[in-house]
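One structure below.
We name chains A, B, ... by the order of the sequence lines, and we start the count at 1 in each one. Below, each value reflects all heavy atoms present in this structure, side chains not excepted, and no hydrogens, waters or symmetry copies.
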There are 2 protein chains.
Amino acid sequence: MHTIGTLSARTGTKVQTIRYYEQIGLMREPGRSSGGQRRYHEADLDRLAFIRHSRQLGFPLDAIRELLDLSDSPSRPCAEADAIARRQLRQVELRLARLQVLRKELKRMVADCDGDSVAECRVLEVLRDHSECLTEHEEIGG
Amino acid sequence: MHTIGTLSARTGTKVQTIRYYEQIGLMREPGRSSGGQRRYHEADLDRLAFIRHSRQLGFPLDAIRELLDLSDSPSRPCAEADAIARRQLRQVELRLARLQVLRKELKRMVADCDGDSVAECRVLEVLRDHSECLTEHEEIGG
DNA sequence: CTTGAACCTCTACCTGCTGCAGGTCCTATC
DNA sequence: GATAGGACCTGCAGCAGGTAGAGGTTCAAG
């Protein structure tokens with residue numbers, strides 16, 4: 001039996017986050033001590049580790065929910081898990097591509113700026129006028 | 001004089017978003033028509049375009065606030081604007097580096113999976129056991 | 001039996017918006 | 001001048017994925 005603090009320490013997850021996962025139904029409601037404190041089994045620790053690792057790989061909580069469901073029914077074909085992972089890979093590749101465009105533009109921006117007064121600052125100039133950009137970038141929220 | 005709808009259409013910003021920018025003090029409070037509707041000057045349009053463009057380049061609203069302040073005082077040296085842009089560039093490069101690690105790991109994950117049953121699914125296996133990863137990745141929220 | 005670290009619930013806040021409800025204004029057309 | 005209907009108004013709730021704090025209880029070591 002583990003306390004929530006033990007799970008926290010072992011998985012590097014904040015205590016509040018574990019309670020949050022319980023609240024949104026990602027973690028099962030654990031048993032309680034006579035005084036009302038959460039007491040976890042080893043399986044809960046594994047589940048939390050799974051969740052955290054998936055988060056580290058950028059999976060959104062909804063995807064993790066699906067993966068956990070799949071993980072709980074071992075006889076099903078794994079095509080679904082595979083599809084989720086591929087979707088995540090596509091997302092990551094999309095974000096990479098967009099960030100690469102941004103990096104290029106930002107690099108050019110700071111390279112062109114010679115540190116004079118704000119009035120002739122290249123950085124501000126480029127921000128003022130999108131047409132000075134070499135590439136389209138409809139990033140925002142990527 | 002422009003309506004909020006005109007600003008919206010010209011900058012590709014939702015009407016609500018413009019009102020939100022006003023609420024958080026990024027956009028100045030415009031004048032109003034006799035009936036209480038917002039009426040904008042050309043300068044407001046420019047300001048909104050600046051904000052949007054900065055957002056597209058991934059600048060957080062706080063940074064944009066600083067950049068706007070700088071932009072309003074043209075005699076100051078532009079070192080500050082430069083620093084903000086460099087900071088943003090560093091952020092983008094950090095995110096890029098992390099995403100590249102993720103991509104590698106995800107690629108390996110889906111490549112190893114041969115589509116059999118969940119019980120022996122590589123995807124789930126890797127998620128279960130971080131030690132199967134080739135690289136450390138403390139992504140989360142990047 | 002005491003102490004204090006760890007736990008509990010509840011609520012609010014973060015970023016950067018977006019959407020809806022329910023009501024008002026503006027302007028073109030008849 | 002009346003009317004239709006699109007554009008506008010305010011205010012509030014909600015999204016992801018947590019994080020922080022208040023104010024109170026429990027647990028376990030000494």
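When the salt bridge (charged side-chain N to carboxylate O under 4.0 Å, His left out) test is applied to A/Glu120, no partner is found at least two apart in sequence or on another chain. Not a single side-chain hydrogen bond (donor to acceptor under 3.5 Å, both in side chains) links B/Arg103 to another residue, sequence neighbours left out. Judged as a side-chain hydrogen bond (donor to acceptor under 3.5 Å, both in side chains), and not counting sequence neighbours, the contacts of A/Ser131 are A/Asp129. Looking at residues two or more places apart in sequence or on another chain, you find a side-chain hydrogen bond (donor to acceptor under 3.5 Å, both in side chains) between A/Thr3 and A/Thr6. For B/Ser54, the side-chain hydrogen bond (donor to acceptor under 3.5 Å, both in side chains) test picks out no residue, with sequence neighbours left out.
Using a 4.0 Å heavy-atom criterion, one finds that A/Arg65 contacts no nucleic acid atom at all.
Pairs engaging residues 68-78 of chain A under the salt bridge (charged side-chain N to carboxylate O under 4.0 Å, His left out) rule: A/Arg28-A/Asp72, A/Arg47-A/Asp72, A/Arg76-A/Glu80 [sequence neighbours left out].
Think of the region where chain B sits on DNA chain C: with heavy atoms and a 4.0 Å cut, that region ends 5' and 3' at C/dG16 to C/dC26. Bounding nucleotides for the chain A contact on DNA chain D, 5' to 3', at a heavy-atom distance below 4.0 Å, are D/dG17 to D/dC27.
Listed by residue number, the members of residues 18-26 of chain A with any heavy atom below 4.0 angstrom from DNA chain D are A/Tyr20, A/Tyr21. Contact check of residues 8-16 of chain A against DNA chain D (heavy atom, cut-off under 4.0 Å) returns A/Lys14, A/Gln16.
Looking only at side-chain heavy atoms (C-beta outward), B/Ile51 and B/Met27 come within less than 4.5 Å of each other. Two residues are said to be in side-chain contact when any heavy atoms from C-beta on lie closer than 4.5 Å; B/Gln56 and A/Cys133 fail this criterion. In this structure, B/Leu67 and A/Leu124 have side chains that are in contact, with non-hydrogen atoms separated by less than 4.5 Å. Counting only heavy atoms from C-beta outward, the side chains of A/Arg52 and A/Thr17 approach each other to under 4.5 Å.
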Give the table of side-chain donor-acceptor pairs shorter than 3.5 Å for residues 38-46 of chain A, with sequence neighbours excluded, one pair per line with atom names and distance.
from, atom 1, to, atom 2, distance (Å)
A/Arg38, NE, A/Glu22, OE1, 2.7
A/Glu42, OE1, A/His2, NE2, 2.9
A/Asp44, OD2, A/His41, N, 2.9

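In terms of position on DNA chain D, the residue among A/Asp62 and B/Thr3 whose nearest nucleotide sits closer to the 5' end is B/Thr3. Between A/Pro60 and A/Gly35, the residue anchored nearer the 5' end of DNA chain D, judged by the nucleotide with its closest heavy atom, is A/Pro60. Projected onto DNA chain C by closest heavy-atom contact, B/Leu61 and B/Ser34 fall at different nucleotides, the more 5' of which corresponds to B/Leu61.
One N or O on the side chain of A/Ser8 and one on the backbone of A/Thr13 form a donor-acceptor pair closer than 3.5 Å. Side-chain atoms of B/Gln88 come within 3.5 Å of backbone atoms of B/Gly58 as a donor-acceptor pair (strictly under, hydrogens ignored).
Rounded to 10°, the helix from C/dC1-D/dG30 to C/dC30-D/dG1 has 10° between the axis fitted to its first five pairs and the one fitted to its last five.
Clustering ILVMFWY residues whenever any of their side-chain heavy atoms sit less than 4.5 angstrom apart, transitively, puts A/Leu127 in a cluster other than the one holding A/Val101.
When all heavy atoms of A/Arg19 and A/Ile4 are compared, the closest pair comes out as CG-CD1, 3.5 Å.
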